[in-house]
Student: 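Below: one structure in structure tokens.
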Amino acid sequence: QVQLVESGGGLVQPGGSLRLSCAPSGSIFSIYSMAWYRQAPEKERELVAAITSGGSTNYADSVKGRFTISRDNAKNTVYLQMNSLKREDTAVYYCNAKLRMTYLPSPESYWGQGTQVTVSS
């Protein structure tokens with residue numbers, strides 16, 4: 001069984017910053033890629049940022065220049081540094097990891113429980 005433990009959400013004023021973190025736990029053989037998605041009320045879940053095991057990144061156009069995704073491979077942890085937050089960034093943010101468990105032959109996709117980010121004055 002794998003768990004993705006997220007932390008770092010909360011309430012912040014427009015223009016402020018937050019850092020999210022996500023660490024998968026369990027019998028992990030290898031992690032291929034990790035990503036952050038978000039879902040605002042009455043909207044579909046969307047990709048915010050992703051990072052491969054080699055460090056390649058990609059971002060949604062709406063967050064480029066404001067958000068930075070990074071990972072600490074030694075800690076199996078991915079971070080999302082969010083700066084210059086806007087009201088439209090308000091959403092539940094979900095961590096996603098494509099990883100292979102020790103007892104499975106191929107990688108699968110796993111999701112965290114989500115963490116609320118609210119940008120409001």
Student: Please tell me whether Q116 and T118 have a donor and an acceptor in their side chains that are separated by less than 3.5 angstrom.
Tutor: yes
Student: Filter on ring-ring contact (aromatic ring centres under 6.0 Å, His included), then keep only pairs touching residues 53-88, sequence neighbours left out; what's left?
Tutor: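 Listed by first then second residue: nothing to list.
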Student: Pairs in or reaching into residues 10-114: which pass disulfide (SG to SG under 2.5 Å), with residues at least two apart or in two chains?
Tutor: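 Every disulfide (SG to SG under 2.5 Å) pair that includes a residue of residues 10-114, provided the two are not neighbours, is C22-C95.
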Student: Identify the heavy atoms of G9 and L20 that sit nearest to each other, and give their distance.
Tutor: N-CD2, 3.5 Å
Student: Kindly state each residue pair satisfying side-chain hydrogen bond (donor to acceptor under 3.5 Å, both in side chains) with at least one member in residues 9-20, sequence neighbours excluded.
Tutor: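 For residues 9-20: S17-N83.
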Student: Within the side chain of T90, is there an N or O that forms a donor-acceptor pair under 3.5 Å with the backbone of V119?
Tutor: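 Checking the backbone N and O of V119 against the side chain of T90, a donor-acceptor pair under 3.5 Å is found.
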Student: Using the rule that Ile, Leu, Val, Met, Phe, Trp and Tyr join whenever any side-chain heavy atoms are under 4.5 Å apart, tell me whether V78 and V2 fall into a single cluster.
Tutor: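 As far as the 4.5 Å side-chain criterion goes, V2 and V78 are connected within one cluster.
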Student: If you count heavy atoms of other groups shown closer than 6.0 angstrom to CD of E88, is the number above 12?
Tutor: yes
Student: Clusters formed by hydrophobic residues whose side-chain heavy atoms approach within less than 4.5 Å: which one holds V92, and what are its other members?
Tutor: Y37, L47, Y94, W111
Student: Flag yes if L104 and I28 sit in one hydrophobic cluster, no otherwise; membership is Ile, Leu, Val, Met, Phe, Trp, Tyr, and two members link when side-chain heavy atoms are under 4.5 Å apart.
Tutor: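 They do share one cluster, since a chain of ILVMFWY contacts under 4.5 Å joins L104 to I28.
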Student: According to side-chain hydrogen bond (donor to acceptor under 3.5 Å, both in side chains), who are the partners of S120, at least two apart in sequence or on a separate chain?
Tutor: none
Student: For K64, give me all partners under salt bridge (charged side-chain N to carboxylate O under 4.0 Å, His left out), at least two apart in sequence or on another chain.
Tutor: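 For K64, the residues satisfying salt bridge (charged side-chain N to carboxylate O under 4.0 Å, His left out) (neighbours in sequence not counted) are D61.
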Student: If I take atom CZ from residue R38 and atom CD from residue E44, how far apart are they, to the nearest 0.5 angstrom?
Tutor: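 Rounded to the nearest 0.5 Å, the CZ-CD separation comes out at 14.0 Å.
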Student: For the atom pair CD1 (I69) and OG (S56), what is the distance rounded to the nearest 0.5 Å?
Tutor: 11.5 Å
Student: Only counting residues at least two apart or in another chain, list the ones meeting side-chain contact (heavy atoms from CB on, under 4.5 Å) with S53.
Tutor: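 For S53 the side-chain contact (heavy atoms from CB on, under 4.5 Å) partners, ignoring immediate neighbours, are R71.
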Student: State the CD1-CD1 distance between I51 and I31, to the nearest 0.5 angstrom.
Tutor: 11.5 Å
Student: What's the spacing between D89 CG and S62 OG if we round to 0.5 Å?
Tutor: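 One finds 7.0 Å between CG of D89 and OG of S62.
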Student: Treating N96 as the side-chain partner and Y110 as the backbone partner, does any N or O pair qualify as donor plus acceptor under 3.5 Å?
Tutor: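 Yes: the side chain of N96 pairs with the backbone of Y110.
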Student: Residues in side-chain hydrogen bond (donor to acceptor under 3.5 Å, both in side chains) with Q39, at least two apart?
Tutor: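 In terms of side-chain hydrogen bond (donor to acceptor under 3.5 Å, both in side chains), with neighbours along the sequence ignored, Q39 is linked to no residue.
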Student: Measure the spacing between NZ of K98 and OG of S106 and express it to the nearest 0.5 Å.
Tutor: 9.0 Å
Student: Quick one: which residue pairs count as a disulfide (SG to SG under 2.5 Å) with a foot in residues 43-85, not counting sequence neighbours?
Tutor: none
Student: For residues 33-64, pull every pair meeting disulfide (SG to SG under 2.5 Å), keeping only residues two or more places apart or in separate chains.
Tutor: none
Student: Salt bridge check, E108 against R100: does any charged N sit closer than 4.0 Å to a carboxylate O?
Tutor: no
Student: To the nearest 0.5 Å, how far apart are CD in E6 and CG in L80?
Tutor: 11.0 Å
Student: Listed by chain and number, what are the side-chain hydrogen bond (donor to acceptor under 3.5 Å, both in side chains) partners of S7, not counting sequence neighbours?
Tutor: S21
Student: Can you confirm whether more than 12 heavy atoms, excluding those of Q3, are under 6.0 Å from its CD atom?
Tutor: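 Not buried by this count: 12 neighbours or fewer within 6.0 Å.
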Student: Partners of S84 by side-chain hydrogen bond (donor to acceptor under 3.5 Å, both in side chains), sequence neighbours excluded?
Tutor: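 For S84 there are no side-chain hydrogen bond (donor to acceptor under 3.5 Å, both in side chains) partners, ignoring immediate neighbours.
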Student: Dump the intermediate steps for side-chain hydrogen bond (donor to acceptor under 3.5 Å, both in side chains) on S121 and R87, then the final yes or no.
Tutor: CA-CA 9 Å; S121 55; R87 288 183 174 82; 2.9 Å; yes
Student: Under 4.5 Å between side-chain heavy atoms, hopping through other hydrophobics if needed: is there a path connecting Y32 to Y103?
Tutor: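 In one cluster with Y32: Y103, no.
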